[in-house]
Amino acid sequence: MQGNKAFLDGEYETAISLYENAINAGYQVAMDLQADREKEGTDILSDEGIPVGFLWLVEARRNEASAKLSMGDLEGALAAVEASCDISGNKSADSLEMLADICQKNKDNEGE
């Protein structure tokens, strides 16, 4: 939430730092919980087929990409949105759309 507020306030560097800190702090925990849920058969998927425990990660990486894009860091934005797509299993329409937009801005027709 703090990252989103910083982004909306145009404080992109702060937003990126907050997104990255949250991702670094919670990534492995989310992965471990998902593995346990799959093992126990208690996995819950979103409408897009993404494990609900990953939704915040998918959004955080996509938001990180938006902030980097706003700063003109196409390479960083591309890496962040690719991570968002990977975490979602390429099921997040919003992340895939952002990937296509960034590739187009980067003149990467193959990635698009």
Side-chain angles (χ1 to χ4, degrees):
M1 297 188 111
Q2 291 176 338
N4 292 346
K5 182 180 178 338
F7 180 84
L8 292 173
D9 290 343
E11 298 172 8
Y12 303 122
E13 287 184 36
T14 300
I16 291 165
S17 178
L18 290 166
Y19 293 137
E20 288 176 345
N21 288 342
I23 292 162
N24 291 336
Y27 180 85
Q28 193 57 53
V29 173
M31 293 296 156
D32 292 345
L33 283 172
Q34 181 59 29
D36 289 345
R37 288 179 181 142
E38 288 175 2
K39 203 180 313 179
E40 295 168 1
T42 59
D43 191 23
I44 300 172
L45 302 177
S46 71
D47 291 340
E48 291 181 301
I50 303 166
V52 294
F54 288 174
L55 292 176
W56 75 271
L57 279 169
V58 172
E59 182 178 356
R61 282 292 188 197
R62 192 172 54 246
N63 290 348
E64 175 191 1
S66 291
K68 288 180 177 183
L69 192 58
S70 294
M71 292 185 61
D73 180 4
L74 287 175
E75 189 174 307
L78 181 61
V81 79
E82 284 176 338
S84 179
C85 290
D86 289 345
I87 293 165
S88 77
N90 290 322
K91 295 178 182 174
S92 169
D94 290 339
S95 296
L96 292 168
E97 184 176 330
M98 180 178 274
L99 176 62
D101 290 345
I102 292 171
C103 287
Q104 187 176 28
K105 284 179 173 69
N106 206 25
K107 309 273 191 267
D108 178 2
N109 294 326
E110 188 174 314
E112 185 181 358

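All residue numbers in this chain count up from 1 along the given sequence. Both backbone and side-chain heavy atoms feed into the values below; hydrogens, waters and symmetry mates do not.
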Discussion item. If you count heavy atoms of other groups shown closer than 6.0 angstrom to CD of Q2, is the number above 12?
Written reply: no
Practice prompt. Determine whether more than 12 heavy atoms belonging to other residues, nucleotides or ligands lie under 6.0 Å from atom OH of Y27.
Written response: no
Fill in: Backbone N/O of A60 and side chain of Y19: donor-acceptor pair under 3.5 Å
no
Discussion item. Keeping S95 on the side-chain end and V81 on the backbone end, is there a donor-acceptor pair under 3.5 Å?
Written reply: no
Fill in: Pair S70-F7, side chain to side chain contact (heavy atoms under 4.5 Å, CB included): steps then yes or no
CA-CA 9 Å; S70 294; F7 180 84; 3.8 Å; yes
Worksheet item: Taking atom types as modelled, is there a side-chain donor on N24 or E20 under 3.5 Å from an acceptor on the other?
Response: no
Identify the two heavy atoms, one from [X] and one from [Y], that lie closest to each other, and give their separation to 0.1 Å.
X: T14; Y: A6; result: CG2-CB, 4.0 Å
X: N90; Y: D86; result: OD1-N, 4.3 Å
X: E64; Y: I16; result: O-CG1, 4.4 Å
X: W56; Y: A30; result: NE1-CB, 4.2 Å

Separation between [atom1] of [X] and [atom2] of [Y], rounded to the nearest 0.5 Å:
X: I87; Y: Q34; atom1: CD1; atom2: CD; answer: 12.0 Å
X: I23; Y: L18; atom1: CD1; atom2: CG; answer: 10.5 Å
X: D36; Y: D43; atom1: CG; atom2: CG; answer: 11.5 Å

Item to complete: With side chain to side chain contact (heavy atoms under 4.5 Å, CB included) as the test, would you mind laying out the steps for N4 and M1 before giving the verdict?
Response: CA-CA 5 Å; N4 292 346; M1 297 188 111; 5.5 Å; no
[X] with [Y]: basic N within carboxylate O range, under 4.0 Å:
X: E13; Y: K68; result: no
X: R62; Y: E59; result: no
X: K5; Y: D9; result: yes

Are the side chains of [X] and [Y] in touch, meaning some heavy atoms are under 4.5 Å apart?
X: L78; Y: L74; value: no
X: S46; Y: F54; value: no
X: I102; Y: L69; value: yes
X: L96; Y: S92; value: no
X: P51; Y: I44; value: no

Discussion item. Membership question, hydrophobic clusters at under 4.5 Å side-chain separation (ILVMFWY): are V52 and M31 in the same one?
Written reply: yes
Practice prompt. Begin from the C-alpha positions of M98 and S66 and carry the test side chain to side chain contact (heavy atoms under 4.5 Å, CB included) through to its verdict.
Written response: CA-CA 9 Å; M98 180 178 274; S66 291; 2.9 Å; yes
